[in-house]
Amino acid sequence: MHQALHPVSDVLAATDFSPGADAALAAAADYARALGSRLHVLHVSPGIRAGEASAERLAQVTRRLDGVPVVAQVATGRPADRILHYAATHGVGLIVLGRHGRTGFTPALLGSVAEEVARRAPCPVVTVPCTEAATAPAPARGAAAPRPGRKCLVCATPSEDLICEACRARIRGQALQQKWDEERGQPHP
């Protein structure tokens, strides 16, 4: 008979520092505490290299986690591939990822790291929705607040544009990585 709960000594949370990833990280920390597990926090930079800024930001994020042993890692490459590789090489028993709550045509246009990881992972994957409260950052000083009701199609944060600047930058980085991989002869699903 199949056991309902398997022992999980390692939980992996991947972060792109978005509000959705923050919600997933909080959930992953709760899972790790409840299971008595170590929490691995991975940031994957889709660009050619990860900078010190990514490592420092990851350190800031992990310092907020109390009551759970944490291992933090920055990697570069295609996010889904790096998450799956990290999980396989570190014996991860549970992966926790944020999802942006995309609707309509957006998943087909942009793809979904969480969907691909869930499809290919050898262990259970939990996806955590981005809560509305977490997606509403305070506007910068002197910046005009976006008109009520206008949100980024990708992450749902308030935005004057259809796709906010942070999501545009991430999409550009993914496109550049795909082009770079293709030029090196690496297949890109």
Side-chain angles (χ1 to χ4, degrees), residues 2-47 50 54 58 61-62 65 68 70-132 134-135 151-157 163 166-167 170-171 173-175 177-178 181 186-189:
H2 189 270
Q3 282 186 319
L5 293 175
H6 299 281
V8 175
S9 60
D10 293 277
V11 174
L12 171 61
T15 182
D16 60 2
F17 307 120
S18 68
D22 290 345
L25 185 58
D30 289 344
Y31 279 110
R33 279 186 211 96
L35 296 168
S37 302
R38 180 176 36 241
L39 176 61
H40 297 256
V41 182
L42 177 67
H43 170 71
V44 180
S45 176
S54 293
L58 185 61
V61 167
T62 58
L65 302 171
V68 62
V70 176
V71 176
Q73 178 79 35
V74 175
T76 59
R78 193 165 169 275
D81 291 342
R82 299 304 301 160
I83 291 166
L84 291 164
H85 180 265
Y86 187 94
T89 58
H90 290 85
V92 168
L94 176 67
I95 301 172
V96 182
L97 300 170
R99 60 181 164 88
H100 295 288
R102 298 175 176 141
T103 59
F105 67 90
T106 312
L109 177 68
L110 303 175
S112 171
V113 172
E115 186 275 330
E116 184 175 349
V117 169
R119 195 169 22 88
R120 295 175 47 202
C123 64
V125 176
V126 173
T127 60
V128 179
C130 181
T131 61
E132 189 64 32
T135 63
K151 296 182 179 183
C152 171
L153 290 175
V154 178
C155 68
T157 59
I163 299 177
C167 290
R170 190 174 65 250
I171 293 164
Q174 289 169 343
Q177 183 68 42
Q178 181 177 352
D181 288 347
Q186 295 178 352
H188 196 73

>> One pair to check against side-chain contact (heavy atoms from CB on, under 4.5 Å): V41 and L65. What are the steps and the verdict?
In response: CA-CA 11 Å; V41 182; L65 302 171; 4.2 Å; yes
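- Here the shortest heavy-atom pairing between L35 and V11 reads CD1-CG2, 4.5 Å.
- The minimum heavy-atom distance between P129 and A23, with the atom names listed, is O-CB, 4.0 Å.
- Between the CD atom of E116 and the CG atom of L97 there is a distance of 11.0 Å, given to the nearest 0.5 Å.
- In terms of heavy atoms, A24 sits closest to G98 at CB-N, 3.2 Å.
- Residue pairs meeting the side chain to side chain donor-acceptor pair (under 3.5 Å) criterion with at least one member in residues 23-34, sequence neighbours excluded: D30-R33.
- The distance from atom CG of L58 to atom CD of Q73, rounded to the nearest 0.5 Å, is 9.0 Å.
- The side chain to side chain donor-acceptor pair (under 3.5 Å) check on Y86 picks up H40, with sequence neighbours excluded.
- The two residues A114 and T127 make their nearest non-hydrogen contact at CB-CG2, 4.0 Å.
- When all heavy atoms of V44 and G77 are compared, the closest pair comes out as CG1-O, 3.6 Å.
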>> Walk me through whether V71 and D10 qualify under side-chain contact (heavy atoms from CB on, under 4.5 Å).
In response: CA-CA 10 Å; V71 176; D10 293 277; over 6 Å; no
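- A donor-acceptor pair under 3.5 Å links the side-chain atoms of H43 to the main chain of T15, judged by distance alone.
- In this structure, H85 places its NE2 atom where only 12 or fewer heavy-atom neighbours from other residues, nucleotides or ligands lie under 6.0 Å away.
- Rounded to the nearest 0.5 Å, atoms CZ (R38) and NE2 (H90) are 9.0 Å apart.
- Between A87 and I95, the closest heavy-atom pair is CB-CD1, 3.8 Å.
- Using a 4.5 Å cut-off on side-chain heavy atoms (C-beta onward), V68 and V70 make contact.
- Scanning for side-chain contact (heavy atoms from CB on, under 4.5 Å) contacts around A13 gives L25, A28, L39, with sequence neighbours left out.
- The OG1 atom of T89 sits 10.5 Å away from the CG atom of L84 when rounded to the nearest 0.5 Å.
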